[in-house]
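One structure below.
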Amino acid sequence: MDQMRSRVKRRMRGVLKTPHIRRCQIIGMLLLLSLLFGACGSENTKIDRDKAAIGLVVTTAQAYDSKILWFDADLGNNQIQKLHYAMLGSHFAQQIVKNGKIYMIPQGLDNRKDTRKVISIDKKDLSIQEYPFSNIALNFTECIGENVYAINTRNGVSTLERYHTLSQQSQKFEREGEVFNQITAASDKLYCFSMRYDPDNPDRFLATLRIFTPDLQMEKEIDLSEYGMTSGKALDDQEYLYVTVSHDSYDNSIGRILKINKSTYEIQKFDSEEGNVFDIFRAGDRFIFTHYDPVVNEGGRISIWDGKDSEKIVDLGTPLTLTGISGKHFVVANDNGIRLYSMDNFQLLKEQKIELDSRKYKFYTSSLLFVDE
């Protein structure tokens with residue numbers, strides 16, 4: 001029970017897993033200046049956009065020092081784009097691609113997490129744009145049209161904030177005593193998932209889905225407690241929203257897909273043969289979802305699902321920290337490197353190893369970016 005509470009406490013506080021950080025003494029005026037002005041965009045690093053297809057974000061919680069390793073579609077032509085952000089991106093978070101841009105959160109230094117912004121990377125020229133938010137420790141972001149959203153939990157209060165990029169006005173929806181643990185946009189609606197302690201059973205957690213219009217008018221509230229706690233990942237098609245569920249209401253590992261009708265909000269479920277369902281993708285008439293625990297960075301198996309009852313499990317032999325689809329390749333990345341697998345039979349086609357220089361700061365990989373999709 002103590003282990004369960006420790007695990008859930010991390011989730012309830014909205015604290016993303018990062019490497020253990022030691023306090024470092026600031027030496028020299030140059031480093032001081034970099035900290036004072038560190039949260040202000042990217043260096044003018046020249047990147048050949050025609051040779052950039054897949055990006056791997058490398059970041060640290062100890063300094064405003066991040067970079068994107070850009071590869072072509074075959075993992076060649078490595079280029080580096082340097083960025084003055086700390087804790088840029090997260091393997092907990094869904095990759096948000098809207099309006100020709102990729103949206104990410106730079107949380108800031110680990111002991112502060114006070115950058116208070118969302119950024120976007122333009123897929124055409126890799127330029128950076130920033131969007132201000134009022135709260136620290138932002139966890140997840142989303143976008144609908146000219147609206148950018150972010151959620152956080154702090155001091156027992158969860159906030160869903162909307163920033164309108166044209167009017168530059170903000171709007172908030174708040175709830176005390178619960179955690180907003182996922183937001184997903186589908187068909188011009190914002191789906192906000194949350195969890196809280198069950199007041200009648202200290203060993204159980206209650207899950208809720210709220211559905212909003214783009215201007216944060218709540219249209220529907222649904223109790224999801226019988227289905228469990230969502231993983232933070234989802235995708236949608238014309239009719240359904242598919243959401244992964246990794247733990248039941250007692251924080252036991254499960255593997256479940258929720259299939260939510262976007263018109264009626266009727267919910268169907270599919271239970272996998274294996275637990276820790278995390279990320280989910282669609283390729284033609286097949287779904288691919290990963291079995292991975294982001295808290296302990298373990299899990300190397302995927303399921304190939306027909307959307308009904310048939311499931312095939314394949315072991316890819318490496319931690320599925322970051323995953324995605326690029327053309328005919330299933331892409332997997334972690335702190336050891338990046339791999340390309342065939343979408344036909346999931347055989348390993350190519351691997352590009354990386355070495356993270358952690359002599360000064362502890363660096364880790366946090367996000368996969370796809371700019372040609």
Side-chain angles (χ1 to χ4, degrees), residues 16-19 39 41-42 45 47 52-61 63-71 75 78-98 100-108 110 113 115 117-123 126-131 137-143 148 150-151 182-184 231-235 244 278-281 290 292 294-295 297 318-326 329-340 352 354 356 361-373:
L16 303 186
K17 180 177 183 292
T18 57
S42 64
T45 308
I47 302 295
I54 302 172
L56 180 59
V57 180
V58 175
T59 192
T60 178
Y64 296 106
D65 186 359
S66 298
K67 59 187 175 184
I68 304 176
L69 307 179
W70 290 108
F71 303 90
L75 302 185
N78 178 224
Q79 305 176 78
I80 299 176
Q81 182 178 8
K82 295 184 179 181
L83 302 167
H84 287 297
Y85 298 111
M87 293 180 69
L88 174 62
S90 167
H91 65 285
F92 283 78
Q94 182 95 29
Q95 182 181 131
I96 306 302
V97 183
K98 304 287 174 63
K101 299 177 180 180
I102 301 171
Y103 293 82
M104 305 173 66
I105 292 175
Q107 282 199 321
D110 183 59
K113 297 182 181 176
T115 297
K117 64 183 64 171
V118 173
I119 71 166
S120 66
I121 302 174
D122 194 300
K123 292 170 67 176
L126 308 182
S127 60
I128 306 292
Q129 186 172 355
E130 299 180 343
Y131 312 94
L138 302 177
N139 287 336
F140 295 90
T141 186
E142 253 294 1
C143 179
V148 181
I151 56 175
Q182 178 179 352
I183 49 174
T184 298
S231 309
K233 308 287 182 138
L235 64 81
T244 60
F278 187 55
D279 220 340
I280 185 169
F281 308 95
T290 65
Y292 171 76
V295 175
N297 190 30
T318 191
L320 305 179
T321 312
L322 305 167
T323 51
I325 294 177
S326 177
H329 298 144
F330 188 73
V331 187
V332 176
N334 50 47
D335 288 354
N336 297 317
I338 183 169
R339 294 181 169 196
L340 301 181
Q352 178 68 56
I354 61 172
L356 301 179
Y361 304 118
K362 180 64 177 178
F363 287 95
Y364 59 97
T365 54
S366 64
S367 299
L368 263 179
L369 314 179
F370 302 97
V371 291
D372 283 348
E373 303 302 311

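Under the 4.5 Å side-chain criterion, counting only non-hydrogen atoms from C-beta, D279 is not in contact with L320. Using a 4.5 Å heavy-atom cutoff, the side chains of V97 and F370 are not in contact. Looking at Y131 and T141, their side chains never come closer than 4.5 Å, going by heavy atoms from C-beta outward. Counting heavy atoms from C-beta on, the side chains of I128 and Y85 come closer than 4.5 Å. At a threshold of 4.5 Å between non-hydrogen side-chain atoms, the residues N139 and I105 do not count as touching. Here the side chains of K117 and P106 are in contact, with some heavy-atom distance below 4.5 Å. Contact of the I338 side chain with the V332 side chain is not registered, since no non-hydrogen atoms from C-beta on lie closer than 4.5 Å.
Here the side chain of T60 pairs a donor or acceptor atom with the backbone of K362 at under 3.5 angstrom. The backbone N or O of L88 sits less than 3.5 Å from a side-chain atom of T59, completing a donor-acceptor pair. Proximity of a side-chain donor or acceptor of Q95 to a complementary backbone N or O of G324 within less than 3.5 Å is not detected.
The shortest heavy-atom contact between N297 and P319 is OD1-CB, 4.1 Å. In terms of heavy atoms, Q81 sits closest to W70 at OE1-NE1, 2.9 Å. Nearest heavy atoms, A234 versus Q182: CB-NE2, 3.8 Å. Of all non-hydrogen atoms in A86 and A63, the two that sit nearest each other are CB-O, 3.2 Å. Considering all non-hydrogen atoms of both residues, V331 and S326 come closest at CG2-CB, 3.9 Å. Between C143 and I96, the shortest heavy-atom contact is N-CG2, 4.2 Å.
Taking the side chain to side chain contact (heavy atoms under 4.5 Å, CB included) definition, one finds that T244 meets it with S231, K233, I257, V277, I280, sequence neighbours left out. With sequence neighbours excluded, the residues forming a side chain to side chain contact (heavy atoms under 4.5 Å, CB included) with D372 are R49, A53, listed by chain and number. Evaluation of the side chain to side chain contact (heavy atoms under 4.5 Å, CB included) rule for D335 yields L356, Y364, T365 as partners, not counting sequence neighbours.
The CD atom of Q107 lies 8.5 Å from the OG1 atom of T115; values are rounded to the nearest 0.5 Å. Separating the CD atom in Q352 from the CG atom in L69 is a distance of 9.5 Å, to the nearest 0.5 Å. A distance of 7.0 Å separates CD1 of I354 from CZ of F71, quoted to the nearest 0.5 Å. Between the CD1 atom in I47 and the NZ atom in K82 there is a gap of 10.5 Å [rounded to 0.5 Å].
By the 30° and 60° cut-offs, the orientation of the rings of Y292 relative to F278 is tilted.
Counting only N and O atoms by type, the side chains of T318 and N336 include no donor and acceptor under 3.5 Å apart.
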Start with the C-alpha gap between T184 and Q94, add the side-chain angles, then the distance that decides, and say whether side chain to side chain contact (heavy atoms under 4.5 Å, CB included) holds. CA-CA 9 Å; T184 298; Q94 182 95 29; 5.6 Å; no
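With respect to I119, the side-chain contact (heavy atoms from CB on, under 4.5 Å) criterion is satisfied by exactly one of M104, Q129, K101: M104. No option in L322, I68, L56, I54 other than I68 meets the side-chain contact (heavy atoms from CB on, under 4.5 Å) test with L369.
The existence of a salt bridge linking E373 and K123 is excluded, since no basic side-chain nitrogen approaches an acidic carboxylate oxygen closer than 4.0 Å.
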